[in-house]
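Everything below concerns the one structure shown next.
Just the heavy atoms: all of them, side chains too, but no hydrogens, waters or symmetry mates, feed the values below.
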Amino acid sequence: MSNYAENVALLQDKVANHAFIRNVSKHRLPDGTLDVEGNLKLWNDGMQGFKKTPLWDKTPGWREDTALQGEPYLVFVPGNPNSPTILVAHGGGFSWRTGCEGPNAAWYFHQAGYNTAILSYRLLPYDRYASMADMQRAIRLLRANKEDFRIGDKIVVLGFSAGGMICGNCATHYDNGNASSKDTVEQYSSQPDACVVCYGAMSEVSFPQPFMMESPENDLFGDTPKDRFYLAPEKNVTPNCPPFFIWQTLSDDGRHGLCLAKALQDAGVPYELHIFEGGVHGLGMADGENDLAAEVPHIAEWGKLCTGWLEIHDLKGVVNDEKQ
C-alpha cells in the first residue's frame with residue numbers, strides 16, 4: 001500500500017465537510033477588493049494534514065514576501081496503479097486558489113478510478129511563466145517518481161479558469177526532457193497525454209478584450225505582443241499536441257473554446273468541445289459544491305462526458321474493486 005493512501009481518506013473527509021468552499025459573498029473585503037489573504041488562509045488550513053510533495057528542491061526565484069501562498073507542491077491521491085494520473089490545477093485568476101476547482105475536482109476523478117494530484121502553483125506576483133513551469137515540473141516529477149507513487153507514465157492535465165489556461169500552455173509548450181541534466185526530474189518529458197480545459201480564458205490574440213481581462217499592469221495574457229502570442233494556446237498548436245477536451249459556458253465567451261478548437265482542427269489534433277448554454281464562470285463540477293452554491297445538472301454532465309472521452313483515448317480510470 002502506498003504511503004500516500006492517507007491522503008484518500010483525508011480528501012474524502014475535507015470534501016464532505018466543505019473545507020475548501022468559500023461562498024462568493026465572502027470573496028471581497030468591505031472596500032471591494034478581493035480578500036486574497038483570507039482565501040489563501042482557507043486553502044492552507046484545508047491542506048493541513050495532507051502528505052505534500054514539493055515540486056522543487058529550491059523554487060526558482062522564490063520570494064520570502066510570498067510565504068502565505070507557500071512554495072509550489074502537489075498532493076498525490078492514489079487510485080488504481082493501472083489508471084492514468086490526472087493533475088488538477090485550480091483557478092483563481094492567478095491571485096488565489098479556488099478550492100472547488102482543486103480538491104473537489106480531484107475527489108470526483110478519484111471516484112472515477114483515476115490517480116489524482118492536486119497542484120498548488122505559484123501565483124502573483126510571480127508571472128504566468130512561473131505557473132507554467134510549476135505544472136511542467138509536476139508532470140516530470142510524477143513520471144520521475146512513478147515507482148514511489150505506484151503509477152504509470154500517463155498524465156492528464158485538467159484545470160479550471162487560470163488553471164485551464166496553464167493546461168493549454170503546457171499542452172502546447174513542452175519538451176522530451178534533458179537527458180544530460182544532473183536533476184533526474186528534468187530528464188523526463190513534460191508533455192501531457194491529454195489536456196482538459198475547463199472555462200479557461202485562453203487568449204487576447206484571436207479577439208479583443210477577452211473574458212476576465214485585467215488592467216494593463218496586471219495582464220494575465222502577457223505584457224508584450226510576443227508574450228501574448230506565446231501564451232495564446234491557439235497560436236501554438238502543432239500536430240504533435242495531445243488531444244484536448246474543452247468546456248465552458250456562454251458567459252465565459254464561447255470564442256475562447258471556438259478559437260482553440262479551430263486551431264486543433266486545422267492541425268489535425270483530436271478534440272471535443274462543449275459550450276453550455278446557461279451557467280456562469282466558476283461552477284467547478286457544477287454539483288452545488290462551489291463558491292456559488294450552484295447546482296446545474298445539465299452542466300454537471302461534463303464530468304461523465306470527460307471520463308467517456310478519456311476512455312476513447314485509452315485513458316480510462318479503473319475503479320479499485322476492479323483491481324487485480
Side-chain angles (χ1 to χ4, degrees), residues 34 36 55-56 59-63 65-66 69 71-72 87 89-98 119-140 157-176 178 186 190-192 195-242 244 246 248 252-264 266-267 269 281:
L34 288 173
V36 174
L55 296 187
W56 310 89
T59 304
W62 178 249
R63 295 170 42 163
D65 63 346
T66 60
Q69 65 173 266
E71 296 195 50
L87 179 63
H90 61 78
F94 297 98
S95 295
W96 64 8
R97 302 193 164 104
T98 308
L119 176 63
S120 183
Y121 56 87
R122 277 173 286 176
L123 308 170
L124 291 170
Y126 301 98
D127 61 20
R128 188 157 153 192
Y129 291 98
S131 304
M132 288 172 55
D134 289 342
M135 177 171 283
Q136 291 166 336
R137 178 73 176 187
I139 295 169
R140 300 186 206 274
V157 292
L158 181 152
F160 299 81
S161 192
M165 295 160 71
I166 302 170
C167 288
N169 292 140
C170 291
T172 52
H173 296 296
Y174 50 80
D175 61 54
N176 292 323
N178 180 1
E186 292 299 314
S190 63
Q191 182 178 11
C195 177
V196 180
V197 177
C198 310
Y199 49 81
M202 303 312 294
S203 153
E204 70 170 1
V205 175
S206 296
F207 56 92
Q209 304 234 324
F211 180 81
M212 280 184 67
M213 183 65 184
E214 297 287 339
S215 60
E217 66 270 20
N218 180 18
D219 192 344
L220 305 181
F221 302 91
D223 296 323
T224 67
K226 183 178 179 180
D227 285 335
R228 288 191 285 274
F229 193 92
Y230 185 89
L231 295 172
E234 81 278 9
K235 298 300 184 183
N236 293 277
V237 171
T238 71
N240 294 322
C241 287
F244 277 69
I246 309 159
Q248 59 180 112
D252 298 311
D253 194 330
R255 291 175 294 180
H256 286 293
L258 291 168
C259 287
L260 179 54
K262 181 185 183 302
L264 294 166
D266 290 346
V269 177
H281 191 80

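Side-chain contact check for Asn169 versus Met135: every heavy-atom pair is 4.5 Å or farther apart. Proximity of Phe221 to Arg128: side-chain heavy atoms (C-beta onward) are separated by under 4.5 Å at one or more points. Taking the side chain as every heavy atom from C-beta outward, Val237 and Asp266 never approach each other to under 4.5 Å. Proximity of Ser131 to Tyr126: side-chain heavy atoms (C-beta onward) are nowhere separated by under 4.5 Å. For the pair Trp56/Arg137, a side-chain contact is recorded, criterion being any heavy-atom separation below 4.5 Å from C-beta on. The shortest distance between side-chain heavy atoms of Val36 and Leu124 does not fall below 4.5 Å. Within the 4.5 Å cutoff, the side chain of Cys198 has heavy atoms near those of the Leu158 side chain. For the pair Cys170 and Val157, the minimum side-chain heavy-atom distance is 4.5 Å or more.
Proximity of a side-chain donor or acceptor of Asn178 to a complementary backbone N or O of Glu186 within less than 3.5 Å is not detected. Between the side chain of Asn236 and the backbone N or O of Phe229 there is at least one donor-acceptor pair closer than 3.5 Å. The closest donor-acceptor contact from the side chain of Gln191 to the backbone of Asn176 lies at 3.5 Å or more, if one exists at all.
Contact record, Gly163 with Tyr121: N-OH, 3.7 Å, taken as the closest heavy-atom pair. The two residues Gly159 and Cys167 come nearest to each other via the heavy atoms N-SG, 3.3 Å. Taking all atoms of both residues into account, the shortest heavy-atom contact from Pro192 to Pro242 is O-CB, 3.3 Å. The two residues Ala171 and Phe244 make their nearest non-hydrogen contact at CB-CZ, 3.5 Å. The two residues Met132 and His173 have their closest heavy-atom pair at CE-CD2, 4.2 Å. Closest non-hydrogen pair, Leu119 versus Ala138, comes out as CD1-CB, 4.0 Å.
Shown here are the side-chain hydrogen bond (donor to acceptor under 3.5 Å, both in side chains) partners of Gln69, two or more places apart in sequence or in another chain: there are none. Residues satisfying the side-chain hydrogen bond (donor to acceptor under 3.5 Å, both in side chains) criterion with Trp62, sequence neighbours excluded, are absent altogether. In this structure Ser120 satisfies the side chain to side chain contact (heavy atoms under 4.5 Å, CB included) test together with Trp43, Tyr73, Arg97, sequence neighbours excluded. The side-chain hydrogen bond (donor to acceptor under 3.5 Å, both in side chains) check on Thr98 picks up nothing, with sequence neighbours excluded. Listed by chain and residue number, Tyr230 satisfy the ring pair (Phe, Tyr, Trp, His ring centres under 6.0 Å) test with Tyr129 (two or more places apart in sequence, or in another chain). Looking at residues two or more places apart in sequence or on another chain, you find no ring pair (Phe, Tyr, Trp, His ring centres under 6.0 Å) involving Phe94.
None of His256, His281, Arg255 except one satisfies the side chain to side chain contact (heavy atoms under 4.5 Å, CB included) rule with Gln248; the exception is His256.
In this structure, OG1 on Thr66 lies 9.0 Å from CZ on Arg122, to the nearest 0.5 angstrom. If you take OH on Tyr174 and OG1 on Thr238, they are separated by 4.0 Å, rounding to the nearest 0.5 Å. The SG atom of Cys195 lies 8.0 Å from the CG atom of Leu260; values are rounded to the nearest 0.5 Å. For the atom pair Tyr199 OH and Asp252 CG, the distance stands at 8.0 Å (nearest 0.5 Å). Separation of atoms CG (Asp134) and CD1 (Ile139) is listed at 11.5 Å; rounding is to 0.5 Å. Taken from CG in Leu55 to CD in Glu71, the straight-line distance is 9.5 Å, to the nearest 0.5 Å.
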Given side chain to side chain contact (heavy atoms under 4.5 Å, CB included), test Asp227 with Asp127 step by step and report yes or no.
CA-CA 11 Å; Asp227 285 335; Asp127 61 20; over 6 Å; no
